[in-house]
Structures are given as structure tokens and as C-alpha cells.
Protein chains: 2
Amino acid sequence: MNQSKNTVCDVTVIHEDVVKKVKNELPHSQEVKKCASLFKILGDHTRFKIITTLLKEEMCVCDISYLLDMSQSLISHQLRVLRDARLVKHRREGKVVYYSLDDSHIEKIVKYGFDHIKESSE
Amino acid sequence: MNQSKNTVCDVTVIHEDVVKKVKNELPHSQEVKKCASLFKILGDHTRFKIITTLLKEEMCVCDISYLLDMSQSLISHQLRVLRDARLVKHRREGKVVYYSLDDSHIEKIVKYGFDHIKESSE
DNA sequence: GTTACATATGAACAATCATTCATATGAGGT
DNA sequence: ACCTCATATGAATGATTGTTCATATGTAAC
């Protein structure tokens, strides 16, 4: 957490003006944390695959499980993580629970993610 | 990896039509993997903070380390991860190494990330 | 009530990964 | 050659987390 004695930079600051400027323009600490957490949730293969299946259609747990060839338990666990993060919402219809994306930003974020992949892959 | 015997969904598929449709529209497996990996890299607090400092100015390792109050070693390690993922580029000027963002998509992805945070936080 | 099906969840394990410490490399100055 | 500063990196450790297994909950039908 705090600077260790080996740290060079607790003494020398090379560009004070730049540091000051950037420090003032930095997003608030709490927003940064939340945003990183959002990406962390998107950054798991299983969860991200689930999201790609929900991009166009709402689906029930069983269908997702079948489509991705993953156990129902695993899908349920990760859907809960996605729910807690408010990335997906669910509605119950009898025994079946349908999941869908809860936020339009997610689609855009995912889209730009794919753009980055396609551009930097040659 | 493969379906365990407890899995319900290796037998029952509830919405065959939906499953088929979604399956055809799914992005290619390799792209999905790469994209999830991208978000994983963004999803670490330290790395994400580094990126926020580079949003407007290029900075040297020492400045980043000072600004974020983190050890030089930690910053260097994570900058290497960001370099390997082609999210940042570097240029050397004498002893000092300057880092900056390597891709304009990153700014957009980060921007939409913050949008999501602001919208879903009331 | 019981049975069957769809989903959720708790606990345990395995594997990943961020951080620290110590040391190495690279570059300019003397 | 040396010394100093800025950065990089290897190894080890501690903590986080994805996955599995077993079991529980909720719902409809009988």
C-alpha cells in the first residue's frame, strides 16, 4: 500500500507539471474502482460467452447451458455474478427462468471490444 | 469440459429454434476468447488505473508510480502485461521510458465503461 | 401430500494471478 | 573503467476466483 524503501519514485518526480495536470483530470477513485470491476466481470471466458449468447435473444438457463456445452451449475453460478453486477436481468415463467441483458451500454462495450480485436490481429 | 451426468441440459433442450438461431449468429470462438482476455486485462485495478493516467498524456514509469502511489516494480510488471496485450506502446528517451495508449478503441471502451457506472449507480 | 423438472447455492478444490523482494539490464555521466 | 538513475524481470508468496459435486429451492402436475 505505502511506498517501500526500494521505490525510486518517492524521491524523484521527473515531470511535476504533467503529474499535477493528470492528477487533476483523473476520474474519481470510486468510479475507477467500479469501472475496473465491471471489466473484470466481463473478463471471464464463461461469463463473456454467456453475454454473447444474450446479445440478440433472451434465453433460459438450460438453453445457455446446452448451447455453450457447460454444466447447468456453472452457468447458474456465473449468471448470479452477472445479476449482482446488474449486467443481466431475469424473469420467471413457471419453472423456467429467462435471462437477458440489462443495459444497452454492455452491447456497445462488447462491440468496441471486438473492434479492437479485429484491428490488432493482423 | 464435457457434460457431467448431473447436467439436465444434455437431454432437454427447451427452445430448439432459439438455440439454433443464436448458435448461427454467435461470434467466432477465437474472437470471443481474445475479447474476453482484453476485458480481463482491463479488469485489474492497478492496470485500469494506469490506463486512466494515460488517457490524456504520455507518462514515464516513475511518474505513474508516484501518481498512483505504487511501487515501481508493480507498475513495470503491469505495464508489461499491457504492452503484451498491445494496449500501450513505449518509447525510450535516454534512461526514461514513456508509455502511452496504443489504440483509440481503448478510450471508447473505457468511456462506455464509465457511462455504465454513472447510469446504474442511483 | 408426492414426483419430476428447472434453477440456485454452499462448500471444497484447483488454478490463476497480483504483489513484493531482490536483482538485473540499459543508458548517461565522470 | 566506474557510479548513479530509470526501468525491467525472475522467483516466491498470498489471495482471489473459476469450476465441480452434492444438495436445496421453487414450481407445476398428479
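Quick note on labels: first sequence line is chain A, next is B, and so on, each numbered from 1.
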Could you check which residues of residues 42-50 of chain A get a heavy atom under 4.0 Å from DNA chain D? Sort them by number, please.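 Of all residues in residues 42-50 of chain A, the ones placing a heavy atom under 4.0 Å from DNA chain D are A/Asp44, A/Thr46, A/Arg47.
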Name all residues meeting the salt bridge (charged side-chain N to carboxylate O under 4.0 Å, His left out) criterion together with B/Asp17; count only those two or more places apart in sequence or in a different chain, and write none if there are none. none
Who passes salt bridge (charged side-chain N to carboxylate O under 4.0 Å, His left out) against A/Glu16, sequence neighbours left out? none
Going by modelled atom types, is there a donor-acceptor pair between the base of D/dA6 and the side chain of B/Gln72 at under 3.5 Å?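 Answer no: no donor N or O sits under 3.5 Å from an acceptor.
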Quick one: [X] [atom1] to [N] [atom2], roughly how many Å, whole number?
X: A/Arg83; N: C/dA8; atom1: CZ; atom2: P; value: 6 Å
X: A/Leu82; N: C/dT7; atom1: CG; atom2: P; value: 16 Å
X: B/His77; N: C/dA22; atom1: NE2; atom2: C1'; value: 11 Å
X: B/Asp84; N: D/dA8; atom1: CG; atom2: C1'; value: 12 Å

Using a cut-off of 4.0 Å on non-hydrogen atoms, how would the nucleic acid contact of A/Tyr99 be classed: base, sugar-phosphate, or nothing?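 Touches sugar-phosphate only.
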Nearest listed nucleotide, side chain of [X], among [options]:
X: B/Cys60; options: D/dT7, D/dC21, C/dA6; value: D/dT7
X: A/Ser71; options: D/dA6, D/dA8, D/dT20; value: D/dT20
X: A/Gln78; options: D/dG18, D/dA8, C/dC21; value: D/dG18
X: A/Ser73; options: D/dT20, D/dT9, D/dT7; value: D/dT20

Considering residues at least two apart in sequence or located in another chain, which fulfil the side chain to side chain contact (heavy atoms under 4.5 Å, CB included) criterion with [X]?
X: B/Val19; result: A/Met59, A/Asp63, A/Tyr66, A/Leu67, B/Val13
X: A/Lys111; result: A/Asp115
X: A/Arg80; result: A/Arg83, A/Asp84

side-chain hydrogen bond (donor to acceptor under 3.5 Å, both in side chains) partners of B/Tyr98, counting only residues at least two apart: A/His15
Could you name each residue pair satisfying side chain to side chain donor-acceptor pair (under 3.5 Å) that touches residues 41-62 of chain A, not counting sequence neighbours? A/Arg47-A/Gln78, A/Glu57-B/Lys21, A/Glu58-A/Arg91
Is the ring pair A/Phe48/B/Phe39 parallel, tilted or perpendicular, if the boundaries are 30 and 60 degrees?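 The arrangement is tilted - the two ring planes meet at 30° to 60°.
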If we ignore hydrogens and angles and just use 3.5 Å, is the side chain of B/Ser65 paired with the main-chain N or O of B/Val61 as donor and acceptor?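 Answer holds: no.
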Distance test, side-chain N/O of B/Lys40 to OP1/OP2 of C/dT16, below 4.0 Å: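 No, because none of the side-chain N or O atoms of B/Lys40 sits under 4.0 Å from OP1 or OP2 of C/dT16.
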Where along nucleotides 25-30 of chain D does protein come under 4.0 Å, by heavy atom, of base (B) or sugar-phosphate alone (S), with - for untouched nucleotides? -BBS--
